[in-house]
Amino acid sequence: MKFLDEAKVYIRSGDGGNGCVAFRREKFIEFGGPSGGNGGRGGDVIVEVADGLNTLIDYRYQQHFKAPKGVNGMGSDRHGANGKHIVMKVPLGTQIFDEDRETLIHDFTEVGEKFVLAQGGNGGFGNAHFKTSTNRAPRNANPGLPGEERWIWLRLKLIADAGLVGLPNAGKSTFLSVVSAAKPKIADYPFTTLHPQLGVVGIDGREFVLADIPGLIEGAHEGAGLGDRFLGHVERCRVLLHLVDATSEHAGKAYKTVRGELEAYDGNLADKIEIVALNKIDAVSPEHLKDQKARLKRAAKKTPLLISGVSREGVPEALRALLAVIGEAPVSTKAKRANEIAPEAEPEPSGWNPLGR
């Protein structure tokens, strides 16, 4: 399945059905009066989070979604049926933006969450609705109201507990393949990873989700390399694991390059908790490793972890460091507000009991 994290979609809710002008005509019943029914309501366009989805690939092959209109009213006081709703299934972490790609309409953070994106038009009134004591035979009815239509953008931001960042060929895909059952592409050339990868990591009887995004290079916020479009997938992470290649020329400069791109990105990524690790320590000599560790410590202002994805040296310690930060904190600010402890409510006074109990 191809990974797709952005899609442009046209949606339109159903029009309301028209009201009916009709009169009751039956044998032996004089002055039957108006009997036109109301039109049905048009169908809504509803977006729902479905469990098990992790891409927007469905919206690459179908971009138009139109809900059916309501049925027109009929004689004998028969009201038209309402149009059926259209339900669009999206993965968890999807955001809905207006056509300008800047106005956020809704952000989905829970499985099963629903949002009415476009409401159907109301049905028109039939002439029976307008009958009064002074207007006994109205000959007018209302047309149904039109539905809503608009273009929207669906943007997916994967929800993971921890995220991997670093330069291309820093060993992120190898690390993910070692600690989880994920099978990312691994090769000895830059930009092997073209799409974000997710893996479930287990350590000390606990599990968390780890996200690997394509590598960043200098100028990524201006579109260099693959750009920074995939950084949105680690916006919701609680902690970042920054991998620096020990075989690079200068570990400190490599670290500052990625940090500069994180600070240039407007997703508050630079403020997230960061764990720095020097990777591929099995591929360098002890003297070179000592120099690289000192350079990285000066640049990051913290002592880096020493790990190797191939030999798995230091990997459990890195996972435990991530787990210690992840804890039980919610992923997004919206979930954080929902989980805030509400003040204890005062007990409601009990109602009057005729038995005095």
Problem set entry | pair Val284-Gln292: side-chain heavy atoms closer than 4.5 Å | no
For this session: If the plane angle is over 60° it's perpendicular, under 30° parallel, otherwise tilted; pick one for Phe115 and His106.
Result: parallel
Exercise. When rounded to the nearest 0.5 angstrom, what distance separates NE2 in His129 from CG in Asn140?
Worked result: 10.0 Å
Exercise. Tell me, do Tyr59 and Val90 make a side-chain contact under 4.5 Å, heavy atoms counted?
Worked result: yes
Problem set entry | Transitive ILVMFWY side-chain link Val276 to Leu164, under 4.5 Å | no
For this session: List the steps, then state whether side chain to side chain contact (heavy atoms under 4.5 Å, CB included) holds for Phe175 with Leu319.
Result: CA-CA 11 Å; Phe175 183 86; Leu319 296 181; 4.0 Å; yes
Problem set entry | Flag if over 12 foreign heavy atoms under 6.0 Å of CG, Asp100 | yes
For this session: State, to 0.1 Å, how close Asp282 and Ser311 come at their nearest heavy-atom pair, and which atoms those are.
Result: CB-OG, 4.2 Å
For this session: Could you grab the distance from atom CD1 of Ile152 to atom CD of Gln95, nearest 0.5 Å is fine?
Result: 12.5 Å
Problem set entry | Residue among Val87, Val116, Ile86, Leu117 satisfying side-chain contact (heavy atoms from CB on, under 4.5 Å) with Asp44 | Val116
Exercise. Looking at Ala67 and Gly43, what are the two nearest heavy atoms and their distance?
Worked result: CB-O, 3.3 Å
Problem set entry | Check against side chain to side chain contact (heavy atoms under 4.5 Å, CB included), Ser35 and Arg25 | CA-CA 9 Å; Ser35 63; Arg25 304 285 292 185; over 6 Å; no
Exercise. Taking the side chain from Asn38 and the backbone from Gly19, do they hold a donor-acceptor pair closer than 3.5 Å?
Worked result: no
For this session: Determine whether Leu156 and Phe108 make a side-chain contact, defined as any pair of heavy atoms from C-beta on separated by less than 4.5 Å.
Result: no
Problem set entry | Of all pairs that satisfy salt bridge (charged side-chain N to carboxylate O under 4.0 Å, His left out), the ones with a partner from residues 73-85, not counting sequence neighbours | none
Seminar exercise, completed: Between Ser180 and Gly199 the two heavy atoms that sit nearest each other are OG-CA, 3.7 Å
Exercise. What is the distance from atom CD1 of Ile46 to atom CE of Met88, rounded to the nearest 0.5 Å?
Worked result: 11.5 Å
Problem set entry | Heavy-atom side-chain proximity of Lys69 to Asn72 below 4.5 angstrom | yes
Exercise. How long is the gap from CZ on Phe23 to OG on Ser76, to the nearest 0.5 Å?
Worked result: 13.0 Å
For this session: Flag the pair Arg150 and Glu148 as a salt bridge only when some basic side-chain nitrogen lies within less than 4.0 angstrom of an acidic carboxylate oxygen.
Result: no
Exercise. Can you find a pair of side-chain heavy atoms, one from Thr303 and one from Lys293, that are under 4.5 Å apart?
Worked result: yes
Problem set entry | Test item: Lys297 side-chain N/O and Gly252 main-chain N/O as donor-acceptor pair under 3.5 Å | no
Problem set entry | Exam field: side chain Asn18 to backbone Gly144, donor-acceptor pair closer than 3.5 Å | yes
Exercise. Taking Gln62 for the side chain and Asp58 for the main chain, is one N or O donor matched with an acceptor at less than 3.5 Å?
Worked result: no
Problem set entry | Partner set under side chain to side chain donor-acceptor pair (under 3.5 Å) for Arg320, not counting sequence neighbours | Asp204
Exercise. CD1/Ile275 to CG/Leu243 distance, rounded to the nearest 0.5 angstrom?
Worked result: 10.5 Å
For this session: State, with a plain yes or no, whether a side-chain heavy atom of Pro91 is found less than 4.5 Å away from one of Thr55.
Result: no
Problem set entry | Minimal non-hydrogen separation, Asn127 against Ala141, with atom names | N-CB, 4.2 Å
For this session: Check whether Leu240 and Val244 end up in the same hydrophobic cluster, where Ile, Leu, Val, Met, Phe, Trp and Tyr are linked by side-chain heavy atoms less than 4.5 Å apart.
Result: no
Problem set entry | Stepwise side chain to side chain contact (heavy atoms under 4.5 Å, CB included) check, Lys253 with Arg295 | CA-CA 8 Å; Lys253 292 181 180 178; Arg295 294 167 180 168; over 6 Å; no
Exercise. Given side chains that start at C-beta, do those of Asp15 and Pro146 come closer than 4.5 Å, heavy atoms only?
Worked result: yes
Exercise. Mind checking whether Leu210 and Ile326 sit in one hydrophobic cluster, side chains of I, L, V, M, F, W, Y counted as touching below 4.5 Å?
Worked result: yes
Exercise. Does Asp161 reach the main-chain N or O of Val209 with its side chain, forming a donor-acceptor pair under 3.5 Å?
Worked result: yes
Exercise. Under the salt bridge (Lys or Arg N to Asp or Glu O under 4.0 Å) test, which residues partner Glu48, sequence neighbours left out?
Worked result: Lys89
Problem set entry | Pro138 versus Pro34, closest heavy-atom pair with distance | CD-CG, 3.9 Å
Exercise. Is there a chain of hydrophobic side chains (I, L, V, M, F, W, Y, each step under 4.5 Å between heavy atoms) that links Leu322 to Val325?
Worked result: yes
For this session: Start with the C-alpha gap between Leu154 and Ile96, add the side-chain angles, then the distance that decides, and say whether side chain to side chain contact (heavy atoms under 4.5 Å, CB included) holds.
Result: CA-CA 5 Å; Leu154 299 177; Ile96 303 177; 3.8 Å; yes
Problem set entry | NZ (Lys114) with more than 12 external heavy atoms under 6.0 Å | no
For this session: Would you kindly say whether Asp98 and Thr103 are connected by a side-chain donor-acceptor distance under 3.5 Å?
Result: no
Exercise. Quick one: does Leu289's side chain get under 4.5 Å of Leu278's, heavy atoms only?
Worked result: yes
Exercise. Would Val47 and Leu53 show up in the same hydrophobic cluster when neighbours are defined by side-chain heavy atoms closer than 4.5 Å?
Worked result: no
For this session: Kindly give the heavy-atom pair with the smallest separation between Ala277 and Ile307, and that separation in Å.
Result: CB-CD1, 3.9 Å
Exercise. Is the count of non-hydrogen atoms from other residues, nucleotides or ligands lying under 6.0 Å from Glu249 atom CD greater than 12?
Worked result: no
Problem set entry | Glu149 atom CD, over 12 foreign heavy atoms within 6.0 Å | yes
For this session: Measure the CG-NZ distance between Asn169 and Lys280 for me, rounded to the nearest 0.5 Å.
Result: 5.0 Å
